[in-house]
Amino acid sequence: MSSYVYTVARLRGMENHLLDTAFFSRLMDSASIDDAVKALGETSYSQWITGAGSFDKAIDSEILATCEELASFVPDKELLDIFRLPYDFHNVKVLLKGLFKVRGGDTEGRRYDLISKLGTIDTEELTNAIETEEYGFLPYGLTDLIPACWQLWDATKNAQAVELLIDHQMFKAMLGVAEKLNIPDVTNWVRNKIDAENLRGAIRLARMKYDSAKALPFFHEGGTIRPDDMAKLLNEPQETWSRILSYTDISSVLGALQEQGDMKAALSDVSKALDEYLLKVLEKAKYSMDAPANVLLYLLSKEAEARNMRVALVCVAGGLDREFGRRLLSNGR
(Lines give C-alpha, C1' and ligand atoms only; values in the text may rest on other atoms or scores of the structure.)
Protein backbone atom coordinates (compact mmCIF):
# COMPACT_ATOMS: atom_id res chain seq x y z
CA MET A 1 0.00 0.00 0.00
CA SER A 2 1.23 3.50 -0.80
CA SER A 3 2.34 5.79 2.03
CA TYR A 4 -0.36 8.15 3.27
CA VAL A 5 1.75 10.28 5.61
CA TYR A 6 1.88 13.23 3.20
CA THR A 7 -1.78 12.77 2.23
CA VAL A 8 -2.97 12.82 5.84
CA ALA A 9 -0.81 15.86 6.61
CA ARG A 10 -2.46 17.72 3.73
CA LEU A 11 -5.90 16.66 4.95
CA ARG A 12 -5.16 17.90 8.47
CA GLY A 13 -4.51 21.33 7.04
CA MET A 14 -7.71 21.23 4.98
CA GLU A 15 -9.74 20.18 8.02
CA ASN A 16 -8.96 23.53 9.64
CA HIS A 17 -11.07 25.21 6.96
CA LEU A 18 -14.19 23.09 7.50
CA LEU A 19 -17.13 25.16 8.72
CA ASP A 20 -18.47 24.34 12.16
CA THR A 21 -22.04 24.04 13.42
CA ALA A 22 -21.79 27.43 15.15
CA PHE A 23 -21.28 29.03 11.74
CA PHE A 24 -24.35 27.29 10.32
CA SER A 25 -26.42 28.32 13.32
CA ARG A 26 -25.43 31.94 12.67
CA LEU A 27 -26.12 31.49 8.96
CA MET A 28 -29.59 30.23 9.86
CA ASP A 29 -30.23 33.53 11.65
CA SER A 30 -29.71 35.57 8.46
CA ALA A 31 -32.58 37.96 7.85
CA SER A 32 -32.64 37.24 4.10
CA ILE A 33 -30.98 35.04 1.50
CA ASP A 34 -28.93 38.06 0.38
CA ASP A 35 -27.61 38.43 3.94
CA ALA A 36 -26.84 34.70 4.01
CA VAL A 37 -24.89 34.94 0.76
CA LYS A 38 -22.92 37.84 2.23
CA ALA A 39 -22.12 35.71 5.28
CA LEU A 40 -20.53 33.18 2.93
CA GLY A 41 -18.14 35.85 1.65
CA GLU A 42 -15.22 34.63 3.75
CA THR A 43 -15.74 30.94 3.00
CA SER A 44 -14.56 28.85 0.06
CA TYR A 45 -18.15 28.71 -1.22
CA SER A 46 -18.11 32.41 -2.10
CA GLN A 47 -16.05 31.80 -5.26
CA TRP A 48 -18.89 29.77 -6.77
CA ILE A 49 -21.87 31.96 -5.87
CA THR A 50 -23.06 34.24 -8.65
CA GLY A 51 -26.31 35.33 -7.02
CA ALA A 52 -28.87 34.54 -4.33
CA GLY A 53 -30.41 31.78 -6.45
CA SER A 54 -27.15 30.03 -7.30
CA PHE A 55 -26.26 28.43 -3.98
CA ASP A 56 -27.27 24.88 -4.95
CA LYS A 57 -24.84 24.78 -7.88
CA ALA A 58 -22.24 26.56 -5.75
CA ILE A 59 -22.36 23.78 -3.16
CA ASP A 60 -21.89 21.09 -5.83
CA SER A 61 -19.03 23.10 -7.34
CA GLU A 62 -17.29 23.24 -3.97
CA ILE A 63 -17.57 19.47 -3.49
CA LEU A 64 -16.34 18.83 -7.03
CA ALA A 65 -13.37 21.16 -6.52
CA THR A 66 -12.58 19.29 -3.30
CA CYS A 67 -12.60 15.95 -5.12
CA GLU A 68 -10.34 17.32 -7.84
CA GLU A 69 -7.91 18.74 -5.28
CA LEU A 70 -7.73 15.42 -3.44
CA ALA A 71 -7.20 13.58 -6.72
CA SER A 72 -3.95 15.54 -7.13
CA PHE A 73 -2.33 13.98 -4.05
CA VAL A 74 -4.29 10.88 -2.90
CA PRO A 75 -2.38 7.73 -3.99
CA ASP A 76 -5.42 5.45 -4.39
CA LYS A 77 -8.02 7.19 -6.52
CA GLU A 78 -10.50 4.42 -5.75
CA LEU A 79 -10.98 6.06 -2.34
CA LEU A 80 -12.47 9.02 -4.18
CA ASP A 81 -14.48 6.70 -6.44
CA ILE A 82 -16.23 5.13 -3.43
CA PHE A 83 -17.42 8.59 -2.42
CA ARG A 84 -18.35 9.70 -5.94
CA LEU A 85 -19.85 6.47 -7.25
CA PRO A 86 -23.35 7.06 -5.74
CA TYR A 87 -23.63 10.19 -7.86
CA ASP A 88 -23.14 8.05 -10.98
CA PHE A 89 -26.06 5.90 -9.94
CA HIS A 90 -28.11 9.00 -9.16
CA ASN A 91 -27.46 10.15 -12.73
CA VAL A 92 -28.53 6.78 -14.11
CA LYS A 93 -31.83 7.14 -12.23
CA VAL A 94 -32.38 10.66 -13.57
CA LEU A 95 -31.66 9.66 -17.16
CA LEU A 96 -33.76 6.50 -17.11
CA LYS A 97 -36.72 8.23 -15.46
CA GLY A 98 -36.56 10.88 -18.16
CA LEU A 99 -36.57 8.27 -20.92
CA PHE A 100 -39.42 6.38 -19.26
CA LYS A 101 -41.48 9.60 -19.43
CA VAL A 102 -40.46 10.33 -23.02
CA ARG A 103 -41.48 6.85 -24.16
CA GLY A 104 -44.73 7.39 -22.31
CA GLY A 105 -45.44 10.44 -24.44
CA ASP A 106 -44.02 13.22 -22.27
CA THR A 107 -41.62 14.96 -24.65
CA GLU A 108 -40.45 17.26 -21.81
CA GLY A 109 -39.68 14.35 -19.49
CA ARG A 110 -35.90 14.67 -19.56
CA ARG A 111 -34.41 16.54 -16.58
CA TYR A 112 -30.80 17.20 -17.49
CA ASP A 113 -30.72 19.89 -14.80
CA LEU A 114 -30.84 17.16 -12.15
CA ILE A 115 -27.69 15.43 -13.41
CA SER A 116 -24.74 15.77 -11.02
CA LYS A 117 -21.17 16.33 -12.12
CA LEU A 118 -19.93 14.71 -8.91
CA GLY A 119 -19.92 11.19 -10.36
CA THR A 120 -16.88 9.40 -11.77
CA ILE A 121 -18.36 9.00 -15.26
CA ASP A 122 -18.37 12.00 -17.59
CA THR A 123 -21.99 13.14 -17.69
CA GLU A 124 -22.08 13.66 -21.45
CA GLU A 125 -20.68 10.18 -22.06
CA LEU A 126 -23.15 8.64 -19.63
CA THR A 127 -26.09 10.51 -21.14
CA ASN A 128 -25.09 9.53 -24.67
CA ALA A 129 -24.57 5.89 -23.67
CA ILE A 130 -28.00 5.58 -22.07
CA GLU A 131 -29.88 7.48 -24.77
CA THR A 132 -28.21 5.55 -27.63
CA GLU A 133 -28.28 2.23 -25.76
CA GLU A 134 -24.51 1.84 -26.11
CA TYR A 135 -23.67 0.56 -22.64
CA GLY A 136 -20.63 -1.58 -23.38
CA PHE A 137 -17.97 0.72 -21.89
CA LEU A 138 -19.83 1.63 -18.69
CA PRO A 139 -18.28 0.51 -15.36
CA TYR A 140 -19.78 -0.73 -12.08
CA GLY A 141 -21.98 -3.36 -13.73
CA LEU A 142 -24.04 -0.72 -15.55
CA THR A 143 -23.61 -2.59 -18.84
CA ASP A 144 -25.97 -5.28 -17.56
CA LEU A 145 -27.93 -3.17 -15.11
CA ILE A 146 -29.44 -0.67 -17.55
CA PRO A 147 -31.00 -3.29 -19.88
CA ALA A 148 -32.34 -5.04 -16.76
CA CYS A 149 -33.94 -1.75 -15.69
CA TRP A 150 -35.63 -1.44 -19.07
CA GLN A 151 -36.93 -5.00 -18.85
CA LEU A 152 -38.31 -4.35 -15.37
CA TRP A 153 -39.93 -1.09 -16.47
CA ASP A 154 -41.52 -2.67 -19.54
CA ALA A 155 -42.92 -5.47 -17.37
CA THR A 156 -44.14 -3.42 -14.39
CA LYS A 157 -44.07 0.33 -15.14
CA ASN A 158 -42.91 0.55 -11.50
CA ALA A 159 -40.33 3.31 -11.12
CA GLN A 160 -39.75 2.45 -7.43
CA ALA A 161 -38.82 -1.11 -8.36
CA VAL A 162 -36.35 0.21 -10.94
CA GLU A 163 -34.79 2.54 -8.36
CA LEU A 164 -34.42 -0.34 -5.94
CA LEU A 165 -32.68 -2.45 -8.59
CA ILE A 166 -30.28 0.43 -9.24
CA ASP A 167 -29.58 0.84 -5.52
CA HIS A 168 -28.85 -2.88 -5.15
CA GLN A 169 -26.19 -2.60 -7.86
CA MET A 170 -24.80 0.65 -6.43
CA PHE A 171 -24.03 -0.95 -3.08
CA LYS A 172 -22.63 -4.04 -4.78
CA ALA A 173 -20.33 -1.80 -6.83
CA MET A 174 -19.23 0.21 -3.79
CA LEU A 175 -18.39 -2.95 -1.89
CA GLY A 176 -16.51 -4.32 -4.92
CA VAL A 177 -14.33 -1.19 -5.15
CA ALA A 178 -13.67 -1.28 -1.40
CA GLU A 179 -12.72 -4.96 -1.38
CA LYS A 180 -10.38 -4.44 -4.31
CA LEU A 181 -8.65 -1.64 -2.38
CA ASN A 182 -8.16 -4.09 0.50
CA ILE A 183 -8.30 -1.42 3.21
CA PRO A 184 -10.28 -3.02 6.06
CA ASP A 185 -11.50 0.26 7.57
CA VAL A 186 -12.92 1.35 4.22
CA THR A 187 -14.58 -2.00 3.53
CA ASN A 188 -16.07 -1.91 7.02
CA TRP A 189 -17.44 1.57 6.36
CA VAL A 190 -19.15 0.47 3.13
CA ARG A 191 -20.71 -2.48 4.92
CA ASN A 192 -21.95 -0.16 7.65
CA LYS A 193 -23.30 2.24 5.02
CA ILE A 194 -25.35 -0.65 3.64
CA ASP A 195 -26.58 -1.40 7.17
CA ALA A 196 -27.52 2.25 7.64
CA GLU A 197 -29.52 2.35 4.41
CA ASN A 198 -31.22 -0.93 5.33
CA LEU A 199 -32.10 0.39 8.79
CA ARG A 200 -33.44 3.60 7.27
CA GLY A 201 -35.54 1.43 4.97
CA ALA A 202 -36.73 -0.78 7.83
CA ILE A 203 -38.05 2.22 9.75
CA ARG A 204 -39.79 3.52 6.63
CA LEU A 205 -41.32 0.11 5.87
CA ALA A 206 -42.45 -0.38 9.47
CA ARG A 207 -44.37 2.89 9.27
CA MET A 208 -45.98 1.64 6.06
CA LYS A 209 -47.05 -1.55 7.90
CA TYR A 210 -45.00 -3.93 5.75
CA ASP A 211 -44.42 -7.43 7.09
CA SER A 212 -41.05 -9.17 6.86
CA ALA A 213 -41.90 -11.32 3.82
CA LYS A 214 -43.01 -8.37 1.68
CA ALA A 215 -40.12 -6.22 2.90
CA LEU A 216 -37.23 -8.60 2.21
CA PRO A 217 -36.65 -7.50 -1.43
CA PHE A 218 -36.12 -3.92 -0.24
CA PHE A 219 -32.95 -4.74 1.70
CA HIS A 220 -29.48 -4.65 0.17
CA GLU A 221 -26.87 -7.40 0.38
CA GLY A 222 -23.36 -6.80 1.68
CA GLY A 223 -23.88 -5.23 5.11
CA THR A 224 -22.85 -6.65 8.45
CA ILE A 225 -26.52 -7.54 9.05
CA ARG A 226 -28.14 -10.08 6.74
CA PRO A 227 -31.21 -8.86 4.82
CA ASP A 228 -33.22 -11.73 6.40
CA ASP A 229 -32.39 -10.47 9.89
CA MET A 230 -33.17 -6.89 8.95
CA ALA A 231 -36.55 -7.94 7.52
CA LYS A 232 -37.40 -9.84 10.72
CA LEU A 233 -37.32 -6.57 12.64
CA LEU A 234 -40.63 -5.66 11.04
CA ASN A 235 -42.33 -8.43 13.03
CA GLU A 236 -41.12 -6.88 16.30
CA PRO A 237 -42.00 -3.65 18.17
CA GLN A 238 -39.58 -0.87 17.23
CA GLU A 239 -38.78 -0.40 20.92
CA THR A 240 -37.04 -3.80 20.89
CA TRP A 241 -34.93 -3.25 17.77
CA SER A 242 -31.86 -1.94 19.59
CA ARG A 243 -31.85 -5.05 21.80
CA ILE A 244 -32.32 -7.39 18.85
CA LEU A 245 -29.41 -5.72 17.03
CA SER A 246 -27.26 -5.41 20.16
CA TYR A 247 -24.57 -7.56 18.53
CA THR A 248 -24.03 -4.80 15.94
CA ASP A 249 -22.43 -1.36 16.23
CA ILE A 250 -25.35 0.35 14.53
CA SER A 251 -27.66 -0.59 17.41
CA SER A 252 -26.23 2.45 19.20
CA VAL A 253 -28.23 4.70 16.84
CA LEU A 254 -31.48 3.00 17.78
CA GLY A 255 -30.52 3.01 21.45
CA ALA A 256 -29.88 6.75 21.40
CA LEU A 257 -33.17 7.46 19.64
CA GLN A 258 -35.01 5.23 22.09
CA GLU A 259 -33.44 6.94 25.11
CA GLN A 260 -34.65 10.27 23.72
CA GLY A 261 -38.11 8.79 23.28
CA ASP A 262 -37.59 9.51 19.59
CA MET A 263 -38.25 6.17 17.91
CA LYS A 264 -41.28 7.80 16.28
CA ALA A 265 -39.17 10.73 15.11
CA ALA A 266 -39.36 12.02 11.56
CA LEU A 267 -37.29 10.03 9.11
CA SER A 268 -35.13 13.14 8.64
CA ASP A 269 -34.02 12.86 12.30
CA VAL A 270 -33.23 9.17 11.85
CA SER A 271 -31.29 9.93 8.67
CA LYS A 272 -29.27 12.58 10.50
CA ALA A 273 -28.42 10.11 13.27
CA LEU A 274 -27.34 7.50 10.71
CA ASP A 275 -25.20 10.00 8.78
CA GLU A 276 -23.43 10.94 12.00
CA TYR A 277 -22.97 7.27 12.86
CA LEU A 278 -21.22 6.67 9.53
CA LEU A 279 -18.76 9.42 10.34
CA LYS A 280 -18.07 7.80 13.71
CA VAL A 281 -17.29 4.48 12.00
CA LEU A 282 -14.21 6.14 10.50
CA GLU A 283 -13.29 8.34 13.47
CA LYS A 284 -10.45 6.15 14.70
CA ALA A 285 -8.58 7.09 11.50
CA LYS A 286 -8.14 10.55 13.05
CA TYR A 287 -5.59 9.10 15.46
CA SER A 288 -3.38 7.77 12.66
CA MET A 289 -1.09 9.88 10.52
CA ASP A 290 -1.01 7.35 7.68
CA ALA A 291 -4.48 5.75 7.60
CA PRO A 292 -6.01 5.87 4.08
CA ALA A 293 -9.47 6.01 5.66
CA ASN A 294 -8.71 9.65 6.52
CA VAL A 295 -9.43 10.46 2.86
CA LEU A 296 -12.96 9.10 3.06
CA LEU A 297 -13.46 10.67 6.49
CA TYR A 298 -12.56 14.09 5.13
CA LEU A 299 -14.87 13.70 2.13
CA LEU A 300 -17.76 12.68 4.36
CA SER A 301 -17.07 15.65 6.63
CA LYS A 302 -17.11 17.93 3.60
CA GLU A 303 -20.34 16.33 2.41
CA ALA A 304 -21.89 16.89 5.86
CA GLU A 305 -20.79 20.52 5.64
CA ALA A 306 -22.48 20.81 2.23
CA ARG A 307 -25.64 19.22 3.61
CA ASN A 308 -25.68 21.74 6.47
CA MET A 309 -25.15 24.53 3.96
CA ARG A 310 -28.19 23.42 1.97
CA VAL A 311 -30.36 23.11 5.09
CA ALA A 312 -29.43 26.59 6.32
CA LEU A 313 -29.84 28.31 2.96
CA VAL A 314 -33.11 26.57 2.13
CA CYS A 315 -34.49 27.62 5.53
CA VAL A 316 -33.46 31.23 4.99
CA ALA A 317 -34.59 31.39 1.36
CA GLY A 318 -37.93 29.73 2.07
CA GLY A 319 -38.64 31.42 5.40
CA LEU A 320 -38.91 28.01 7.06
CA ASP A 321 -38.92 27.23 10.77
CA ARG A 322 -35.34 27.95 11.92
CA GLU A 323 -35.55 25.72 14.99
CA PHE A 324 -36.63 22.78 12.86
CA GLY A 325 -33.71 23.57 10.54
CA ARG A 326 -31.27 23.51 13.45
CA ARG A 327 -32.50 20.02 14.34
CA LEU A 328 -31.44 18.87 10.88
CA LEU A 329 -27.90 20.23 11.13
CA SER A 330 -25.27 17.51 11.45
CA ASN A 331 -22.81 17.83 14.29
CA GLY A 332 -19.68 19.32 12.77
CA ARG A 333 -16.18 19.75 14.04
Q. Stepwise, does the side chain to side chain contact (heavy atoms under 4.5 Å, CB included) test hold for I203 with W241?
A. CA-CA 10 Å; I203 292 171; W241 286 13; 3.7 Å; yes

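- A donor-acceptor contact shorter than 3.5 Å is absent between the side chain of R26 and the backbone of A39.
- Put simply, the side chain of L165 does not reach to within 4.5 Å of the side chain of V162, judged on heavy atoms.
- A side-chain contact (heavy atoms from CB on, under 4.5 Å) with F24 is found for exactly one of D29, V311, L19, namely L19.
- K117 contributes no side-chain N or O that, together with a main-chain N or O of T123, makes up a donor-acceptor pair within less than 3.5 Å.
- No continuous path of ILVMFWY side-chain contacts below 4.5 Å connects V102 to I146, so the two sit in separate hydrophobic clusters.
- Here the side chain of Q169 pairs no donor or acceptor atom with the backbone of I166 at under 3.5 angstrom.
- Partners of E303 under the salt bridge (charged side-chain N to carboxylate O under 4.0 Å, His left out) rule, at least two apart in sequence or in another chain, do not exist in this structure.
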Q: Begin with the C-alpha distance, continue with both residues' side-chain angles, and end with the deciding distance and a verdict on side chain to side chain contact (heavy atoms under 4.5 Å, CB included) for D88 and I121.
A: CA-CA 6 Å; D88 290 316; I121 307 170; 3.6 Å; yes

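- A donor-acceptor contact shorter than 3.5 Å links the side chain of H90 to the backbone of L114.
- Listed by first then second residue, pairs satisfying ring pair (Phe, Tyr, Trp, His ring centres under 6.0 Å) with a partner in residues 174-212 read Y210-F218, not counting sequence neighbours.
- By the rule that hydrophobic residues join a cluster once side-chain heavy atoms approach within less than 4.5 Å of another member, L216 and L164 end up as members of separate clusters.
- Here CG of L254 is found 8.0 Å from CG of L233. Values are rounded to the nearest 0.5 Å.
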Q: Determine, step by step, whether V74 and Y4 satisfy the side chain to side chain contact (heavy atoms under 4.5 Å, CB included) criterion, reporting the C-alpha distance in whole Å, the side-chain angles of both residues, the deciding distance to 0.1 Å, and the verdict.
A: CA-CA 8 Å; V74 171; Y4 272 78; 4.1 Å; yes

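- G119 and Y87 make their closest contact through N-CB, 3.6 Å (heavy atoms, listed as atom of the first residue, atom of the second, distance).
- Residues E68 and L80 are not in side-chain contact: their nearest non-hydrogen atoms beyond the backbone lie 4.5 Å or more apart.
- Every residue meeting the side chain to side chain donor-acceptor pair (under 3.5 Å) condition with S288, not counting sequence neighbours, appears here in chain and number order: D290.
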Q | side chain to side chain contact (heavy atoms under 4.5 Å, CB included) assessment of E305 paired with Y45 | A | CA-CA 11 Å; E305 175 186 273; Y45 291 84; 2.5 Å; yes

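- Taken together through direct or relayed side-chain contacts under 4.5 Å among Ile, Leu, Val, Met, Phe, Trp and Tyr, V5 and L79 form parts of separate hydrophobic clusters.
- Between atom CG of residue N188 and atom CD1 of residue I183 there is a gap of 12.5 Å, rounded to the nearest 0.5 Å.
- Taking the side chain as every heavy atom from C-beta outward, Y277 and D195 never approach each other to under 4.5 Å.
- With 3.5 Å as the limit, one finds no donor-acceptor pair spanning the side chains of E15 and S301.
- Residues satisfying the side chain to side chain donor-acceptor pair (under 3.5 Å) test with S25, not counting sequence neighbours, are R326.
- Counting only distance, with no hydrogens or angles, the side chain of N91 and the backbone of I115 share no donor-acceptor pair below 3.5 Å.
- Note: the hydrophobic cluster containing L70 also contains M289 (ILVMFWY, side chain heavy atoms under 4.5 Å, direct or indirect links).
- Remark: K232 NZ to S212 OG distance equals 8.5 Å, nearest 0.5 Å.
- For D60, the side chain to side chain donor-acceptor pair (under 3.5 Å) partners are R310, not counting sequence neighbours.
- For K38, the side-chain contact (heavy atoms from CB on, under 4.5 Å) criterion is met by D35, not counting sequence neighbours.
- For H168 (side chain) and P217 (main-chain N/O), a donor-acceptor pair under 3.5 Å exists by modelled atom type.
- The backbone N or O of E124 sits nowhere less than 3.5 Å from a side-chain atom of T127 that would complete a donor-acceptor pair.
- In the model, D275 has no side-chain atom that pairs as donor or acceptor with a side-chain atom of S330 under 3.5 Å.
- Within the structure, side-chain hydrogen bond (donor to acceptor under 3.5 Å, both in side chains) pairs that include any residue of residues 139-153 comprise T120-Y140 (at least two apart or interchain).
- Closest non-hydrogen pair, R10 versus E69, comes out as NH2-OE2, 3.8 Å.
- Ion pairing of R226 with D229 is present here, as a side-chain N (NZ or NE/NH1/NH2) and a carboxylate O approach within less than 4.0 Å.
- The salt bridge (charged side-chain N to carboxylate O under 4.0 Å, His left out) test applied to E131 returns R110, not counting sequence neighbours.
- A distance of 11.5 Å separates SG in C149 from CG in L95, rounded to the nearest 0.5 Å.
- Scanning both residues, A312 and M28, for their nearest heavy atoms gives CA-SD, 3.7 Å.
- Side-chain contact between L274 and I250 is present, with at least one heavy-atom pair separated by less than 4.5 Å.
- How far CG of L199 is from CD1 of I225: 7.0 Å, rounded to the nearest 0.5 Å.
- For the side-chain contact (heavy atoms from CB on, under 4.5 Å) test, residues two or more places apart in sequence or in another chain that qualify with E134 are T132.
- Residues that satisfy the side-chain contact (heavy atoms from CB on, under 4.5 Å) test with S61, not counting sequence neighbours, are W48.
- With sequence neighbours excluded, no residue satisfies salt bridge (charged side-chain N to carboxylate O under 4.0 Å, His left out) with R191.
- Sorted by first and then second residue, the ring pair (Phe, Tyr, Trp, His ring centres under 6.0 Å) pairs with a member in residues 286-322 form an empty list; sequence neighbours excluded.
- The shortest side-chain heavy-atom distance between D185 and L296 does not fall under the 4.5 Å cut-off.
- Using modelled atom types, no side-chain atom of N308 and backbone atom of L329 make a donor-acceptor pair closer than 3.5 Å.
- Remark: the backbone N or O of E78 is not paired with any side-chain donor or acceptor of D76 at under 3.5 angstrom.
- Comment: D249 does not engage K280 in a salt bridge, judged by the lack of any side-chain N to carboxylate O separation of less than 4.0 angstrom.
- Here the closest heavy-atom approach between residue A71 and residue K77 is recorded as O-CE, 2.7 Å.
- Residues E62 and Q47 have side chains in contact (heavy-atom distance under 4.5 Å, counting atoms from C-beta outward).
- Counting heavy atoms from C-beta on, the side chains of P292 and V186 never come closer than 4.5 Å.
- Panel note: side chain N294, backbone A291; a donor-acceptor pair is recorded below 3.5 Å.
- Enclosure of atom NZ in K101 is not indicated, since only 12 or fewer non-hydrogen atoms of other residues, nucleotides or ligands lie within 6.0 angstrom.
- Of all the heavy atoms in I63 and A306, the pair that sits closest is CD1-CB, 3.8 Å.
- Rounding to the nearest 0.5 Å places NZ of K286 at 8.0 Å from CG of L279.
- Counting only heavy atoms from C-beta outward, the side chains of F219 and D228 never approach each other to under 4.5 Å.
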